Undergrad: 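Please read through the structure below; I'll follow up with questions.
The model shown is predicted, which means the values in this text are computed figures rather than measured ones.
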Amino acid sequence: DVQLQASGGGLVQAGRSLRLSCAASGFTFDDYAVGWFRQAPGKEREGVSCISIDNAMTDYADSVKGRFTISTDNTKNTVYLQINSLKPEDTAIYYCAVVPEGDYNNCLREGDFDYWGQGTLVTVSS
């Protein structure tokens with residue numbers, strides 16, 4: 001079974017950094033793309049970043065470009081999301097999700113993803 005475990009969230013002050021992790025198991029890691037999504041209170045879930053494990057191509061939402069960096073450790077089947085210069089508006093539950101490579105059209109669109117982790121809460125204080 002596909003399993004995704006997101007971790008690394010917490011309460012941080014604005015301006016600080018945080019690294020989220022998504023540990024994956026139950027599938028061939030290299031054959032998938034991984035996306036990070038977030039859902040802020042009262043808002044719809046939005047895609048923030050994604051990466052193709054096979055070719056390391058990445059994409060970012062305009063709202064996070066320059067502050068978020070997605071990366072992988074293929075030896076650990078883990079995808080990371082480095083968040084720098086945190087802002088209060090980054091407060092959200094962050095989810096990771098996966099989809100088989102080639103089975104998506106837009107890796108920032110949640111509807112394109114098949115499997116989801118449980119989410120990790122990031123709270124940014126001003």
Side-chain angles (χ1 to χ4, degrees):
D1 291 350
V2 173
Q3 293 192 348
L4 301 170
Q5 181 71 40
S7 62
L11 174 62
V12 294
Q13 289 185 324
R16 298 291 187 97
S17 298
L18 206 59
R19 189 178 77 162
L20 307 182
S21 300
C22 175
S25 62
F27 60 97
T28 303
F29 194 58
D30 290 358
D31 292 343
Y32 280 70
V34 179
W36 279 101
F37 297 78
R38 68 183 179 184
Q39 187 166 22
K43 295 187 177 181
E44 294 186 351
R45 190 155 56 185
E46 63 172 344
V48 295
S49 185
C50 57
I51 187 167
S52 169
I53 302 302
D54 182 47
N55 60 29
M57 288 186 64
T58 61
D59 199 4
Y60 297 90
D62 288 342
S63 59
V64 306
K65 283 180 180 176
R67 295 193 302 119
F68 287 29
T69 303
I70 193 169
S71 63
T72 70
D73 183 339
N74 290 12
T75 66
K76 297 180 178 179
N77 283 11
T78 299
V79 175
Y80 302 101
L81 186 68
Q82 178 72 34
I83 308 174
N84 297 328
S85 302
L86 278 156
K87 304 176 180 180
E89 50 264 42
D90 294 321
T91 294
I93 300 174
Y94 284 73
Y95 300 89
C96 58
V98 296
V99 60
E101 189 61 56
D103 282 3
Y104 61 93
N105 292 313
N106 181 347
C107 74
L108 295 179
R109 186 170 62 197
E110 66 171 304
D112 282 25
F113 283 77
D114 299 324
Y115 304 98
W116 292 80
Q118 86 291 354
T120 185
L121 176 62
V122 174
T123 304
V124 184
S125 63
S126 57

Undergrad: Picking from C96, C22, S49, what satisfies side-chain contact (heavy atoms from CB on, under 4.5 Å) with L81?
TA: S49

Undergrad: Output, in order, the C-alpha distance, side-chain angles, deciding distance and verdict of side-chain contact (heavy atoms from CB on, under 4.5 Å) for Y104 and R109.
TA: CA-CA 9 Å; Y104 61 93; R109 186 170 62 197; over 6 Å; no

Undergrad: Would you say the side-chain atoms of D30 and T28 include a donor-acceptor pair closer than 3.5 Å?
TA: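 Note: D30 and T28 side chains miss the donor-acceptor criterion.
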
Undergrad: Is there a path of hydrophobic side-chain contacts, each under 4.5 Å between heavy atoms of I, L, V, M, F, W or Y residues, that connects I93 with F113?
TA: yes

Undergrad: For S17 and N84, which heavy atoms make the closest approach, and how far apart are they?
TA: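 In terms of heavy atoms, the two residues are closest at OG-OD1, 2.9 Å.
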
Undergrad: Give the C-alpha distance, both sets of side-chain angles, the deciding distance and a yes or no for salt bridge (charged side-chain N to carboxylate O under 4.0 Å, His left out) between D90 and K87.
TA: CA-CA 5 Å; D90 294 321; K87 304 176 180 180; over 6 Å; no

Undergrad: To the nearest 0.5 angstrom, please state how far the CD atom of Q39 sits from the CG atom of L121.
TA: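 That separation rounds to 11.5 Å.
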
Undergrad: Report whether F37 and V79 are members of the same hydrophobic cluster (ILVMFWY, side-chain heavy atoms less than 4.5 Å apart, transitive linking).
TA: no

Undergrad: Quick check: F68 with W36 (ring centres under 6.0 Å apart)?
TA: no

Undergrad: Side chains of S71 and Q82: do they bring a donor and an acceptor to under 3.5 Å?
TA: no

Undergrad: Give me the atom names and distance for the closest heavy-atom approach of S126 to P88.
TA: CB-CG, 3.9 Å

Undergrad: Between atom CD1 of I53 and atom CZ of F29, what is the distance when rounded to the nearest 0.5 Å?
TA: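 Rounded to the nearest 0.5 Å, the CD1-CZ separation comes out at 3.5 Å.
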
Undergrad: Return the minimal non-hydrogen interatomic distance between Y60 and T69, and the atom names on each side.
TA: OH-CA, 3.4 Å

Undergrad: Identify the two heavy atoms, one from T78 and one from A23, that lie closest to each other, and give their separation to 0.1 Å.
TA: OG1-CA, 3.9 Å

Undergrad: Could you tell me whether a side-chain N or O of R67 sits under 3.5 Å from a main-chain N or O of I83, the two making a donor and an acceptor?
TA: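 A pair under 3.5 Å: no.
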
Undergrad: For L11 and S125, which heavy atoms make the closest approach, and how far apart are they?
TA: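 In terms of heavy atoms, the two residues are closest at CD1-CB, 4.4 Å.
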
Undergrad: Answer with yes or no whether the side chains of S52 and D54 bring together a donor and an acceptor at under 3.5 Å.
TA: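 Looking only at side-chain atoms, S52 and D54 do not form any donor-acceptor pair under 3.5 Å.
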
Undergrad: Should L18 and L86 count as side-chain neighbours, where that means a heavy-atom distance under 4.5 Å?
TA: yes

Undergrad: Indicate if W116 and V2 have the same hydrophobic cluster label, given that clusters are the connected sets of ILVMFWY residues with side-chain heavy-atom separations under 4.5 angstrom.
TA: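 Different hydrophobic clusters.
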
Undergrad: Rounded to the nearest 0.5 Å, what's the gap from CG on L20 to OH on Y95? Could you check?
TA: 13.0 Å

Undergrad: Looking only at heavy atoms, what is the nearest atom pair of F27 and A24, with distance?
TA: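 Looking at all heavy atoms of both residues, the shortest contact is CZ-CB, 3.5 Å.
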
Undergrad: Distance from M57 atom CE to C107 atom SG, nearest 0.5 Å?
TA: 8.5 Å

Undergrad: Using modelled atom types only, decide if a donor and an acceptor are shared between the side chain of D112 and the backbone of N105 within a distance under 3.5 Å.
TA: yes

Undergrad: Distance check, rounded to the nearest 0.5 Å: Y80 atom OH versus S7 atom OG?
TA: 9.0 Å

Undergrad: So, Q118 side chain and A6 main chain: donor-acceptor pair closer than 3.5 Å or not?
TA: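 Checking the backbone N and O of A6 against the side chain of Q118, a donor-acceptor pair under 3.5 Å is found.
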
Undergrad: Counting only N and O atoms by type, is there a donor-acceptor contact under 3.5 Å from the side chain of T91 to the main-chain atoms of V124?
TA: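 Answer holds: yes.
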
Undergrad: If you count every heavy atom of other residues, nucleotides or ligands that lies below 6.0 Å from Y115 atom OH, does the total exceed 12?
TA: no

